[in-house]
Structure formats: C-alpha cells, structure tokens
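Contents: one structure, followed by commentary.
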Amino acid sequence: MFSRLVSRGTAARCVPRVPTMKTQARYQWAGVPMGPPDPILGVTVAWRNDPSPEKLNLGVGAYRDDNGAPFVLECVKEAEKRILAKNMNHEYTPIGGTPEFTKLAAQLLFHPSNPLLADKKVASVQTLSGTGALRVAGEFARQFIPNKEIYLPDPTWGNHIPIFKNSGFEIKTYKYYDGKGGLDFAGFKKDVENASDGSFFLFHACAHNPTGVDPTPEQWKELAAVCKAKKHLVLFDVAYQGFASGDPEKDAFALRHFAENGIPILATQSFAKNFGLYGERVGALHIVTGSAEETEKVLSQLLIVIRPMYSNPPVYGSRVIETALSDEKLTAQWREEVKVMADRIIKMRELLVENLKKEGSTRDWSHITNQIGMFCYSGLTAAQVDQLKQKWHVYMTSNGRISMAGVTSSRVGYLAKAIHDVTK
C-alpha cells in the first residue's frame, strides 16, 4: 500500500506541468504594446470622468435634440412597429444585402429617375455603415485599379487614413482648408489638376468632416471638369445626405453632377446620421459602371471581398430603411425630420455667434455660420481647447472641432462665455 502511494506521488511529481490557456495567453501577448486612445472617443471618456455639473461634451459625432438627448426619428419608430408586427425571422441576409434595400439606397443617392439606375450601371451592396463601405471600397479598388495612392483632403476624417492604409494605399493629400474658416479652392483645384492622369481621389460629398466647409455648386462643376479631363477616379464619402442642408437632393448635387458627366465614381453611403441609426451599422457602397454586364462583374467581385471580411450585413437596420423608404408617407416624414435636425444645428450656429458678440468678442466668427453640417472648425488652438477643458469643463477634439449637435439652447450661452474667455 505504502509503496503504491509513494510511486503514485513520485509519478505525479515527474509529470510536466501543462500550461493553462490563461498562462499561454499571458506569455504570447506579453509583448503587445498599449495602443493610443482614440482622439475622438477619448474626449467622451474624459467628459464622463469629469464630476462638474457644468461639463459639456462637444466631441460626440451623433445628433442630440435640444435637451441634449439622443433622438429617435418618428418615422423610424413607425417602421419598427411595422417590422415587429410582421413577426419576421432572423435569417442571414445575402452577402451584398437585400436587393430591395440596395435599390432604395441607390435611388435616394442618385435619384429614382437617374438613367444610370434604369440602365443597371450602378453596382450596389449593403455594408457596415459608411466605415464598412469605405473599407470594402478600399479593398476592391486596391485589387482592380492600378493606383497605389489615394488623395485625401487636408484635413479629413481621421478614420479615412487608417482605412485606406490598411487597404494597401499610400496616402497623399490635397489642399482643402484655408486656415481661416473657409475653403482653399484655388489650392484644391490646382492639386487636382497637378495630379497624374487617372489619380484616385476621395471627396466629401457634403458637410466636410471636420471643417464643415464645402465647395459651392459652381466650384463642384469646375472640379468635375478637371476630373473628367484628367480621367481621375473619384470616391464620394456621403455620410450626411439630408443632414447637412436639410435637403437630400441639394446634398447629393456633387455626386450626381459627376456621375451625370461620365466621371467614374464610387460612393459610400451611411444611414447613421440622417436616420439616427448609429448603432445599427447600416450603409451601402455604390460603384458606377459602363454597362449592365460590367455591373454584374463588379458585384461578383464585391461579394468576394465581403465574404471573408464579415460574411454578410446585419438585417435590422436595413429593414428599417426599406420600410421607411418604400412608403411615401414615411419617406415624406423622414424628409421633414431630417430637415428639423439640420435646421436645429444651423440655429445653434447662429446662436453661438450671437452670444459671442453679446459677450463682447470682436473677433470674426462668421465662419461658424458659413460652415455646414454637424461639425464646426472653430479656429481654436490646442492650448485654447485645453483651457476650455480645464477651466470651463468644455470638451472637444484638440484641433478645435466642435460638434454642433452637442450644443443646446440652454447651454449655448455658457459655451460662448467660455470661448470668449479663452480667445479674448
């Protein structure tokens, strides 16, 4: 008996220790460095940790009503009721989304009567909102165009850079912001003219992020003429259709003008801002082609790109869009509601300038009202932004970008007082 116990004990001591999964994970990932915080999301984290009752978050890229609360559109609520009443299943969508969704999304962007749609010269797929559309576009373009570079505006939405770097493109920039609150159109046009023939450009279709500065229709026409002559390929990032001016047709002018003039374009479309469907991640990618046959070929390759990336898109958000845009009354209601959102932001711009003047500021703040869309490029320096945070508990990105959606009637006076204090 004793000998058996000893032998067992000895055997037990001789058995090598098998590393647990937890031990292996610690060993394998020990060399992973801490990544830097996201510069935009980090603003919200800092705001949340501030105990001051006066704190104001102007970094968030989502619409808020005049009480500072998230806003769910009434047309969306009605669409959700109808979806629930149908007792629908939760089966997978096709890889490229449902045909009804992509058809309605394309009609909103290009207009239902656009000959390109009737002639089946637009390849459309559903994506994971605008970000997913950009990533799919980048992957597709890198495989099927000879360009190794993409031109982005300076400045641009921060996520554009890693999206296209990760797609394999070298990033180049073209002049855009004039440093005084407006557009450097001469520099912009010159850079488009000087780029090699057939270059790949990304343009913000409307409500440029982060500056809120857009070309005029006449300037877009000049740019279109240059792009056509130079045979450039243009990707339009359409994140704010309807949300910028309150008019979805007006906000789609640039894209439609380029497409109608035979300029090859891709378009990424998001329903986050204009339908308030931020968390549903619903969007689309559209590529204008030369023929119906070419469209089928492009679609086949887009599906090949999407399949290993995320397999297929989520169904709920697309059902909301399908329900709303396939019903005339709900579509009309959406157009009214998106104008309400746009008009509130325009009003906040006006009130901010008005209150800055009341505080005694003699600076020229006209760029605040001249700019459009969710964001305002205030002209505040990084040091002034830091003062706003430390002294006034006002949070925004270090480049002075203000999310006008975070400004309300009850807090705009406080914001004006704070800005005047750090700029006088």
Side-chain angles (χ1 to χ4, degrees), residues 38-44 57-64 109 129-135 137-138 150-164 171 173-179 181-184 188 201-215 220 234-246 248 250-255 266-278 281 283 338 341-342 344-346 348-349 367-380 385 395-407:
D38 185 276
I40 296 175
L41 300 182
V43 172
T44 298
N57 183 9
L58 302 179
V60 64
Y63 181 78
R64 296 292 181 261
L109 195 58
S129 201
T131 303
L134 287 160
R135 187 64 179 86
I150 184 170
Y151 285 83
L152 306 177
D154 182 20
T156 193
W157 179 47
N159 219 12
H160 280 150
I161 296 169
I163 285 172
F164 287 100
I171 305 301
T173 61
Y174 58 87
K175 296 180 184 67
Y176 194 85
Y177 186 65
D178 68 1
L183 178 68
D184 178 6
F188 182 179
F201 279 83
L202 181 147
F203 294 160
H204 296 231
C206 62
H208 180 274
N209 179 4
T211 69
V213 176
D214 287 347
W220 276 124
V234 177
L235 190 162
F236 277 100
D237 186 355
V238 192
Y240 301 96
Q241 186 185 4
F243 194 91
S245 67
K250 182 178 180 181
D251 292 346
F253 171 81
L255 174 144
L266 304 85
T268 57
Q269 183 181 26
S270 169
F271 291 96
K273 307 297 192 298
N274 55 8
F275 269 84
L277 296 175
Y278 302 96
R281 312 313 294 146
V338 77
M341 291 191 288
R344 194 188 84 74
I345 289 178
I346 292 169
M348 290 305 104
R349 290 178 179 276
H367 59 280
I368 294 178
T369 48
N370 290 337
Q371 294 168 8
I372 194 170
M374 181 173 285
F375 301 110
C376 164
Y377 223 42
S378 65
L380 296 170
V385 169
Y395 292 81
M396 66 184 70
T397 53
S398 60
N399 60 6
R401 188 195 77 166
I402 295 174
S403 174
M404 295 304 300
V407 183

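All residue numbers in this chain count up from 1 along the given sequence.
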Assess the residue pair S403 and M374 against the criterion (side chain to side chain contact (heavy atoms under 4.5 Å, CB included)); give the C-alpha distance rounded to whole Å, side-chain angles, the decisive distance to 0.1 Å, and a yes or no. CA-CA 6 Å; S403 174; M374 181 173 285; 3.9 Å; yes
For the pair T44 and Y395, evaluate side chain to side chain contact (heavy atoms under 4.5 Å, CB included) and give the outcome as yes or no after the intermediate values. CA-CA 8 Å; T44 298; Y395 292 81; over 6 Å; no
For a side chain to side chain contact (heavy atoms under 4.5 Å, CB included) check, start with the C-alpha distance between F188 and L183, then their side-chain angles and the critical distance, and finish with the verdict. CA-CA 8 Å; F188 182 179; L183 178 68; 4.1 Å; yes
Full working for side chain to side chain contact (heavy atoms under 4.5 Å, CB included) between Y240 and D251: CA-CA 8 Å; Y240 301 96; D251 292 346; 5.9 Å; no
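Here NE2 of H160 is found 14.0 Å from OG1 of T173. Values are rounded to the nearest 0.5 Å. Taken from CG in L202 to OG1 in T156, the straight-line distance is 6.0 Å, to the nearest 0.5 Å. For the atom pair CD1 (I163) and OG1 (T131), the distance works out to 5.0 Å, reported to the nearest 0.5 Å. Separation of atoms CG (L152) and NE2 (H204) is listed at 7.5 Å; rounding is to 0.5 Å. Atom OG of residue S378 and atom CE of residue M404 lie 10.0 Å apart, to the nearest 0.5 angstrom. The distance from atom CD1 of I372 to atom CD1 of I345, rounded to the nearest 0.5 Å, is 10.0 Å.
Between the side chain of Y278 and the backbone N or O of G61 there is no donor-acceptor pair closer than 3.5 Å. Judged by distance alone, with hydrogens and angles left aside, the side-chain atoms of N209 form no donor-acceptor pair with the main-chain N or O of G212 at under 3.5 Å. Judged purely by atom type and a 3.5 angstrom limit, Q371 uses its side chain to pair as donor or acceptor with the backbone of Y377. With hydrogens and angles ignored, the 3.5 Å screen pairs a side-chain donor or acceptor of Q241 with a backbone N or O of P248. Distance alone, capped at 3.5 Å, is enough to place a donor-acceptor pair between the R344 side chain and the R64 backbone. In this structure, R401 contributes its side chain and G59 its backbone to a donor-acceptor pair below 3.5 Å. Judged purely by atom type and a 3.5 angstrom limit, D214 uses its side chain to pair as donor or acceptor with the backbone of H208.
For the pair N274 and F271, the tightest heavy-atom approach, listed with the atom from each and the gap, is OD1-CA, 3.3 Å. For the pair G181 and V213, the tightest heavy-atom approach, listed with the atom from each and the gap, is O-CG2, 3.6 Å. Heavy-atom minimum distance, S398 versus V385: O-CG2, 3.9 Å. For the pair G242 and A342, the tightest heavy-atom approach, listed with the atom from each and the gap, is O-CB, 4.1 Å. Shortest non-hydrogen contact noted between S270 and A272 is OG-N, 3.1 Å.
Side-chain atoms of V238 and T268, non-hydrogen and from C-beta on, never get closer than 4.5 Å to each other. W157 has its side chain out of reach of P210: every pair of non-hydrogen atoms, C-beta onward, lies at least 4.5 Å apart. Two residues are said to be in side-chain contact when any heavy atoms from C-beta on lie closer than 4.5 Å; Y63 and K273 fail this criterion. Proximity of L235 to F164: side-chain heavy atoms (C-beta onward) are separated by under 4.5 Å at one or more points.
Centroid-to-centroid, the aromatic rings of Y151 and Y176 stay 6.0 Å apart or farther.
In this pair, F203 and W220 present their aromatic rings tilted. The plane angle is within the 30 to 60° band.
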